[in-house]
Amino acid sequence: MNNLVILPILIPFLMGVILIFTNKRLSVSRTISVLTALAMLASASYLTYVVYTDGIMALELGNWEAPFGIVLVGDLLSSSLVAVSSLLAVSTLFFIFQTFDEEREKAYFYPFFFFLMTGVNGSFLTGDLFNLFVFFEVMLLSSFILISMGGKKSQLSESLKYVIINTVSSLVFIIGIAYLYAVTGTLNMADLSVKVAELGQEGVLNVIALVFLFIFGVKSALFPLYYWLPKSYVEPPTAIAALFGGLLTKVGVYTILRTYTLIFNQSSEIYFILIVLGGLTMFIGVLGAVSQFDFKRILSVHIVSQVGYMIMGIGINSTIAIAGVFYFLIHNIIVKSALFFFAGATEKVTGTSHLKKMSGLLKTHPYLGWTFFIAAISLAGIPPLSGFVGKFILIVAGFMEGNYFVIAVSLATGLLTLFSMMKIFMTSFWGEVKLPKPEAENVKVGSLIAPIVPLLIFTIVLGVAAEPFYQFSLELAEQIINPEHYVNSVLKE
Amino acid sequence: MSLLHLVVLAPFLLAILIPFLYKKFRHIHTGWFVLGLPLVLFIYFLTFLPEISGGGAVQETVPWIPSLGIDFTVFVDGLGLLFALLITGIGTLVVLYSIYYIANKKDEPLNNFYVYLLMFMGAMLGVVLSDNLMVVYVFWETTSLASMLLIGYWFHKERSRYGAQKSMLITVFGGFSMLAGFTLLYVMTETFSIREIIAQTDVIASHELFLPAMLLILLGAFTKSAQFPFHIWLPDAMEAPTPVSAYLHSATMVKAGIYLVARMTPVFGGEPQWFWLLSGFGIFTLLWGSVSAVRQKDLKAILAFSTISQLGMIMTLLGLGSAAVHFDLANGETLYTTAILAAVFHLINHATFKGSLFMVVGIVDHETGTRDIRNLGGLMTLMPITATAALIGTFSMAGLPPFNGFLSKEMFFTGVLNATTLDLFNMQTWGLIFPVIAWIASIFTFAYCMIMFFKTFTGKHQPEKLKKQAHEAPMGMLIGPVILASLVVVFGLFPNVLSYSIIEPVMRSILPSLVSDGGEFYVNIYHWHGPNTELMMTIGVVIFGSLVYLNLKRWQEAAFFLKERDPLNWLYDNSLVWLIDGATWVNDLQLTGRLRDYMAYMFVFFAGFMAWGLFYFDAIAIDLENTAPISTYIFVLVAVLILATISIPFINHRITAIIVVGVIGFLLALLFVVFRAPDLALTQLLVETVMVVMFLLVFYHLPELKKESFKPTMKISNLAISIAVGVFASLTALSAHAFSYENPVDAISNYFIENAYTLAGGNNMVNVILVDFRGLDTLLEVLVLAIAALGIVVLVKYTAKGRENL
């Protein structure tokens, strides 16, 4: 039964390989892709269900017992994140079918897509620090190809920055693993948790914790490590940006959440640093959004800002805070991708993503306008949508732990988020009808909105029917904040 | 889910249907489908009157997010019912009015209009009928949102967009503050239920979060109810269609702040800060609004500032009245409850006369095409019914008998006069300013009321300045203002129909502690109190107000009165500019687009981070005792390696550079050999060979190697960063090593050493780890290589024509 844990990794991996061979036959590739994504979603959902009913599930690969071999661990956090990522993959595929030209699809697009998903799912599920590094590499390389695919000059220059900055972080990752192995003599995360607790998290172990914060900080795009992000998300096609925006930084956030609750969970100074970095990230990120006038640019810097909220929540470090972080994480994956899809749909209509070059879209494309509006105010944390609930839980947690200042910063950030999202709405959707090309008025986008609708329903349900999801988050947070659950399931003590 | 919940949610449910009804029955004005709902709800709420008047309350609960203390509890008491009646009652009239005001033209998006309006109606009912603060908040933000959408209803107009953005930013700012305030209350009391919080008032009053919570909640109330200096959004909100202005921006939504203050009085009332903030900001807003109103030329702008001013007046009364909790009703001390009574009564009166005045102005605008008093005049004979309604409305607002405005104005004067006798909160010193400011503000109020009426309806008719031929409005448009104007008269002549049916229950909600032992407020409103100070003040107001009006020509030329725009707008507009400029500056500072800057920032952070960690956690421990002996040839090897690395930046010739890089690689391989890792050395050798061969292969195609020139400061700073990173990384490595010697652990490598042969059947331990113990890593690294290979194929072969097939 434990083999279930590896399915969300194995499915995209194997199917990705098969898709290399069906590359020339588009309809076959598309069919396989959808089936694969659905299979991934099904296995991940089932995994979440099983973990929810039976508890944390660990798989020792090659039957080498932990902590010596590699383990994959499905707990509530990792399995539900895999499920949401898979859902996003399904939505993205349907969006891709309509926005990509066939040439691009035939450029081995689908294999890369699923290799990326392999990396993402693997990063969530692995219980081994070095294995995490390897999944990061899978993710990094496939995302690099997805960004640079097409070979435009601007694409190449941005993807080069992306890959170099991330490679540096990989390098530091290796160094960090070396440091940590020198001190603890193990790579298994559960075992690390035990060893760090035995040694007492002090002295050089805290410095090593900071090194890992740097590494994961680059991945999750914290200030001042986020420079690879804003432009590299503008260059690739919207569907890719949506997938990246939804997933890549969230993997970073997940690793921070995992590391600083499971392994380095004893230093209040490091939690304080997380709060400070979270506050800086959210505020400086949103300033980027305030100053921009490009649809996709605004969305990409918002990713940075929203990551700040989650890091702040991890720093607050209470059961409610972790529940809030999870809620926010799920909300953000869904809404952020939806917004990128809207950017794509808008671009399909007008041929531009520059806000000042279009106006009055609400009159010509009311459905596009209103569905965008829902996603936009959800991002800004206006009730009763998911963004509000996530933010609210974090506020409660922050006040309960006495972190008043950072909560004030987060509220200010929320207001600026609303400001920048409404800037999009008021500039491009309101106003006299003025579109860059005359035929724009008649461009139909219904089929592009369709794959976004499930995401919108999700954000509404997460807001209006929050109780069951919040209960789930609390249970999950309980599991996270008490690492012995995780440790015992992996080390079978 | 009870009927009451359904009632609150009914407008939302109808809102969902509206777009379909609009599409399906295009020839019928969509307003007709809406009209029935507020009417039915109004009648439904009327049925609560007997019970509520008897001092009762009705409540129904549905859990929403119980784990966070959020239940959707609908709670109807006097205060809630009064507002519910206002919302549904005026709502009915406004919807009827709007049917005639907004014509059913071909591309008029009536569906939008009524969806927003219903959204607002439901949200507003939710605000006033919820017991749970978070539910209040959720509905509160929904009203802000609906208000923004309604202000931007004609979104092709630039002014509408400006007004919409402004109202949204200011009210949502207040909303977010309020959210923080509510959460602080939750942290203190562990409940969001208002009644449960009230029950714990004495516990929380001494809490350190009490004052912050109060301030944050007041921010919410002040922004929503347009108190100085947040009032600037209200005049710009007048870009909304007039029915909206009548409904949201005078009768209901802007009173949400008043509602909140009244609702929270049992919690915060009696505190000096509460008393002073409310009465201070209130009285200043009263003055500011009335003075600003006098200089407006647009009828709606006059009404907007008048609304601001009147809201300030109600706020003042609630502030002064909050002192009442320090007194005992049983001893007949009604001195301060009068202020609360006045607040409640004036709230009702204001809704009636201001609602009717807005509709009147809408009619004038609709039938003449302008709202500018300089172009209007002499409409009395052309629009007699409208003029009558306007007369009643303005005279009531000016505080003249026999209208309801006179009664509440007199009570307001009583309230501020009583306040001077208060021996609490330093009022002995400052008390006198209240009647003085109140009196001055009333003079201006009187003046703008006269301007509004006489400039519009008397004087010379100027048809050439009007866009349309002026005539009386259609019946449907007149119903609303006429009903409201008759209420002005009815409440003026028979104020006591309200006394115990609604006002007394509302006062019970605001000051529950005074009647907790079964007492009751004494509410008796009448015209003639004898020749007292209040009457003298009123007479003074009439005299001086008339003087101001009659000398209009003289002072209207003054510079102060020529500026119509509120000076505070300068602050708002510039703040937005500063915000965007500042944000751009911060952004440009970091996102230079140059990789070398990014790397510099990141490494500075990295080095700083590690340095701080090493020192703060006292982690530096260098222990060379336990290191392996280093032979001389290793020193030589490393020295050459370092020299080769350092030389690279100074090489200007590509082939030399390639060779030196190759040398570094081979030296590294040698180092691996020295450290007894032949397989690594072999790999390294292969990689290096391939690299050099590759470089040479593409050499011919590479462009000239250009020497980049950097400023010396940059070179030095980069050098410093590099050294810092190297030093701190090495220090950490040495410290980790020392730490591990002090605190030895059983490393997993022992397991591999012991079991590589016995369990995995291999003598080469590294190989066994790679292919067996940690086989997944290797498999994935293979995948990485495959991705890279395939990626190169794609990069070479595929060039996108467009960005995507859009």
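The chains referred to below are lettered A, B, ... by the order of the sequence lines, with proteins before strands, and numbering in each begins at 1.
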Original post:
Does the A/Tyr179 side chain pair with the main chain of B/Ala729, one donor and one acceptor, at a distance under 3.5 Å?
Top reply: yes
**OP:** Between chain B and each of A/Thr184, A/Leu210, A/Val290, count heavy-atom pairs under 4.5 Å; write down the option with the most.
**Re:** A/Leu210
Original post:
Does one side chain, of A/Glu103 or B/Tyr798, offer a donor that lies under 3.5 Å from an acceptor on the other?
Top reply: no
Subject >> Contacting moiety of B/Tyr741, where chain A heavy atoms sit under 4.5 Å >> reply: neither
Subject >> Sole candidate of B/Tyr598, B/Phe605, B/Phe603 that passes ring-ring contact (aromatic ring centres under 6.0 Å, His included) when paired with A/Tyr227 >> reply: B/Tyr598
Subject >> Proximity breakdown for B/Glu158 and chain A, heavy-atom pairs closer than 4.5 Å >> reply: neither
Original post:
So what's closer than 4.5 Å to chain A heavy atoms on B/Ala621: side chain, backbone, both or neither?
Top reply: neither
Original post:
Taking all atoms of both residues into account, what is the closest heavy-atom pair of B/Ser67 and A/Gln471, and its distance?
Top reply: OG-NE2, 3.0 Å
**OP:** Verify the ring-centre separation between A/Phe388 and B/Tyr137: is it less than 6.0 angstrom?
**Re:** yes
Original post:
With only heavy atoms counted, which part of B/Ala786 is less than 4.5 Å from chain A, the side chain, the backbone, both or neither?
Top reply: neither
Original post:
For the ring pair B/Phe609 and A/Phe214, is the centre-to-centre distance below 6.0 Å?
Top reply: no
Original post:
Which heavy-atom pair separates A/Pro224 from B/Met602 by the least distance, and what is that distance?
Top reply: O-CG, 3.8 Å
Subject >> Region of B/Leu145 that comes under 4.5 Å of a non-hydrogen atom in chain A >> reply: side chain
Original post:
If you count heavy-atom pairs under 4.5 Å between each of A/Ile145, A/Ile393, A/Ile382, A/Ile70 and chain B, which one has the most?
Top reply: A/Ile70
Subject >> Contact class of B/Tyr186 relative to chain A, heavy atoms under 4.5 angstrom >> reply: side chain
Subject >> Over 12 non-hydrogen atoms of neighbours within 6.0 angstrom of CD in A/Glu269 >> reply: yes
Subject >> Under 4.5 Å from a heavy atom of chain A, the part of B/Trp612 involved >> reply: side chain
Original post:
Who wins among A/Leu140, A/Leu199, A/Val204 for the most heavy-atom pairs under 4.5 Å with chain B?
Top reply: A/Val204
